[in-house]
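Notes follow once the structure below has been shown.
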Amino acid sequence: MGLEAVKMVMDTPEFELVAALDRKHGGETLGDIGFSGSQAPIYTDAAECFSEHQADVLIDLTTPEFGYVHTKTALEHGIRPVVGTTGFTEDQLLELKELSEEKELGCIIAPNFAIGAVLMMKFSQMAAKYFSDVEIIELHHDKKLDAPSGTAVKTAQMINEIREPKKQGHPDEQETMPGARGAEMNGMHIHSVRLPGLIAHQQVLFGADGETLTIRHDSYNRASFMSGVKVCVETVMKTKTLVYGLENILD
Ligand SMILES: NC(=O)C1=CN([C@@H]2O[C@H](COP(=O)(O)OP(=O)(O)OC[C@H]3O[C@@H](n4cnc5c(N)ncnc54)[C@H](OP(=O)(O)O)[C@@H]3O)[C@@H](O)[C@H]2O)C=CC1
Ligand SMILES: O=C(O)C1=N[C@H](C(=O)O)C[C@H](O)C1
């Protein structure tokens with residue numbers, strides 16, 4: 001995702017790539033690692049990078065542990081973060097929101113930048129008004145570190161705002177193999193599938209008497225996320241708080 005974001009920034013005339021963070025190529029330039037046409041320096045340390053380059057925006061696509069440190073460090077240096085990294089805790093999100101408001105700097109954290117995925121989440125939220133029985137199945141490549149996906153968690157949170165809390169399945173159901181019913185949020189179940197060959201997919205299944213409704217989104221490549229990243233980079237310059245979720249900034 002980081003490489004895809006670098007390409008997107010380099011291909012966007014309104015954007016300028018100032019520097020990059022990469023723990024394996026510190027001291028080199030992007031040109032040295034194959035991005036011909038860019039002499040942007042590569043740093044291993046976020047604080048050093050942000051002290052030497054007063055960029056407008058940080059785009060972070062790393063891991064929950066380092067994404068959190070990068071986001072916090074960016075805000076402390078007056079740089080607005082656009083974060084796609086998933087797996088932040090509620091406490092971390094709250095702390096970053098307080099910091100962004102204290103600094104009066106925009107910060108956008110979006111578990112999914114794909115427009116179709118945002119629509120899938122919104123349509124699922126709409127459906128939850130009429131269907132209180134729902135199971136979320138997310139399917140990803142087998143290099144993914146976090147489970148459930150950030151998108152599945154966000155979908156469940158959005159559904160929760162509408163859905164009547166309900167314990168699903170038979171009242172006496174028992175797992176004869178631990179984990180068979182997946183993770184649970186307010187009685188709703190989330191299942192994570194990991195397989196080589198997959199990229200990023202999710203289906204939200206609703207059930208009622210005699211009918212089911214399936215809402216599904218598929219990302220077939222990493223480029224599918226980049227139009228959302230672009231919108232976030234433009235929007236973060238105009239906000240002074242933390243926005244969690246692309247659905248909160250799209251018309
Ligand atoms: N919001 C969205 O739309 C999307 C979000 N994501 C999320 O983005 C994140 C990245 O996904 P993906 O690219 O697939 O994952 P990868 O595992 O391919 O990439 C993670 C990258 O983070 C780098 N990294 C780890 N630690 C550090 C550090 N200390 N400093 C700098 N870089 C570091 C890794 O570097 P190294 O190569 O050295 O290991 C690696 O290049 C995940 O959290 C994923 O869930 C993914 C797709 C879409
Ligand atoms: O790791 C991924 O690949 C993805 N991560 C995000 C998530 O956790 O929801 C977004 C998308 O599903 C791809």
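Both counts, for ligands and for their atoms, begin at 1 and track the order of listing.
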Heavy-atom contact check, 4.0 Å cutoff: does Ala110 meet ligand 1?
yes
Ligand-side contact atoms (ligand 1) for residue partner Phe225, heavy atom cut-off under 4.0 Å
3 (O), 48 (C)
Would you please determine whether Arg222 falls within less than 4.0 Å of ligand 2 on a heavy-atom basis?
yes
Atoms of ligand 1 under 4.0 Å from any heavy atom of Met1, numbered from 1 in the order shown, are 4 (C), 13 (O), 46 (C), 47 (C), 48 (C)
for atom 26 (N) of ligand 1, nearest protein heavy atom and its distance come out as Phe66 CD1, 3.4 Å
Working to the nearest 0.5 Å, report the span between NE2 of His189 and CD1 of Ile136.
11.0 Å
Indicate yes or no for a side-chain donor-acceptor contact from Ser38 to the backbone of Ala40 under 3.5 Å, with no hydrogens or angles considered.
yes
Verify the contact flag for atom 18 (O) of ligand 1, where contact means a protein heavy atom under 4.0 Å away.
no
May I ask you to check whether Ile199 has an N/O atom sitting below 3.5 Å from an N/O atom of ligand 2?
no
Is it true that Gly150 lies under 4.0 Å from ligand 1, counting heavy atoms only?
no
Please confirm whether Glu65 approaches ligand 1 to less than 4.0 Å, judged on its heavy atoms.
no
Specify side chain, backbone, both or neither for His140, according to which of its non-hydrogen atoms lie closer than 4.0 Å to ligand 2.
side chain
Backbone of Ile79 reached by a side-chain donor or acceptor of His77 within 3.5 Å:
no
When you measure from atom 43 (O) of ligand 1 to every protein heavy atom, which one gives the shortest distance, and what is it?
Thr86 N, 3.1 Å
Heavy atom of Arg23, distance to ligand 1 below 4.0 Å
yes
Apply the side chain to side chain donor-acceptor pair (under 3.5 Å) test between His140 and each candidate in Glu138, Lys143, Lys144; give the one that qualifies.
Glu138
Polar contact flag for Gly2 and ligand 1 (N/O pairs, less than 3.5 Å):
no
When Ile109, Leu96, Val83 are each screened for side chain to side chain contact (heavy atoms under 4.5 Å, CB included) with Tyr244, the one that passes is Ile109
Would His70 count as a contact of ligand 1 if the rule is a heavy atom under 4.0 Å away?
yes
Part of Pro111 within contact of ligand 2 (heavy atoms, under 4.0 Å):
backbone
Just heavy atoms, cut-off under 4.0 Å: does His141 contact ligand 2 by side chain, backbone, both, or neither?
side chain
Looking at side-chain heavy atoms only, is the closest gap between Lys72 and Glu95 below 4.5 Å?
yes
Can you tell which part of Thr151 has a heavy atom less than 4.0 Å from ligand 2: side chain, backbone, both or neither?
both
How far is atom 1 (O) of ligand 2 from its nearest protein heavy atom, and which residue and atom is that?
Lys144 NZ, 2.9 Å
